[in-house]
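Following: one structure in structure tokens, then a few remarks.
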Amino acid sequence: MAAVLAAMLCAALVVFAAVADARDLTVGGNGGGGGWKVPPQPDALNKWAAATRFHVGDKLVFKFDGAADAVLEVTREDYNRCSTASPLATYKPTGGAGAATVPLTRSGLHYFVSGAPGSCDKGERVIVLVMSEKHSRPGHGFFAPVPAPAPGQSPLAAGLFQGPAPSPATGAAGTTAASAALLVAAALLVAAAVAGF
């Protein structure tokens, strides 16, 4: 029983490490030129995507007018043709928020086009490459490397008594997921204590 609880605790810590780094990423960037709309240059959204690393657990935030547009996830062939006839999924803002959130649940290529007639042909489309699970975020999360000790300081002291790490800039989804994982880990610790672990 104790071995099972220990394994469950380890699994919960790994999950916590993975989801603690989840981010909300505004498609096109947060600047004035960002957002889900026809960009000034036809390849602007793909240039943004190429400069951004996406990981499983991140969420894409498409900001747009839901009455005039939609986000369609499509196949590569439909992306290349700008076809909106048979999307894999359709996303619209919920509750009048002006943004649709798309969770990235698997690695690989994801293709998105605009649902507004003619907008895809003008560049309102984006390809997102989500990194595989084995390509974790270096320097983030539970398994982050410990900085080198200061001169005259032991490596143990450097690892145990360093100042707090800066908070990552995550959106509400990453914070909520990390909190949920922390609650799971706490529940497992309580269960282990009650079971006499």
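Predicted model, so just to flag it, every value in this text is computed and none were measured.
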Would you please name every residue forming a ring pair (Phe, Tyr, Trp, His ring centres under 6.0 Å) with Y91, sequence neighbours left out?
none
Not counting sequence neighbours, which residues clear salt bridge (Lys or Arg N to Asp or Glu O under 4.0 Å) with D69? List them please.
none
Could you list the residues that satisfy ring pair (Phe, Tyr, Trp, His ring centres under 6.0 Å) with F112, not counting sequence neighbours?
F62
Is the NZ atom of K92 crowded by more than 12 outside heavy atoms at less than 6.0 Å?
yes
Residues 56-94 vs disulfide (SG to SG under 2.5 Å), sequence neighbours excluded, gives C82-C120
side-chain hydrogen bond (donor to acceptor under 3.5 Å, both in side chains): pairs with one or both residues in residues 101-110, sequence neighbours excluded
E73-H110
For V74 and S83, what are the C-alpha separation, side-chain angles and deciding distance, and is it a side chain to side chain contact (heavy atoms under 4.5 Å, CB included)?
CA-CA 8 Å; V74 297; S83 174; over 6 Å; no
If I take atom CG from residue L60 and atom CG from residue L25, how far apart are they, to the nearest 0.5 angstrom?
6.5 Å
Transitively linked via ILVMFWY side-chain contacts under 4.5 Å: V128 with F64?
yes
Cationic N near anionic O, under 4.0 Å, K59 to D24:
no
Close side-chain approach of D58 to L104, heavy-atom, < 4.5 Å:
yes
The complete set of disulfide (SG to SG under 2.5 Å) pairs with one or both residues in residues 45-76, sequence neighbours excluded, reads none
Could you go step by step and tell me if V71 and W36 meet the side chain to side chain contact (heavy atoms under 4.5 Å, CB included) rule?
CA-CA 8 Å; V71 176; W36 188 241; 3.4 Å; yes
Please enumerate all residues that pass side chain to side chain contact (heavy atoms under 4.5 Å, CB included) together with S119, with sequence neighbours excluded.
V38, S114, A116, E124
Atom pairs and distances, side-chain donor-acceptor, residues 43-51, under 3.5 Å, sequence neighbours left out:
{"residue": "N46", "atom": "OD1", "partner": "I127", "partner atom": "N", "Å": "2.7"}
{"residue": "N46", "atom": "ND2", "partner": "Y79", "partner atom": "OH", "Å": "2.8"}

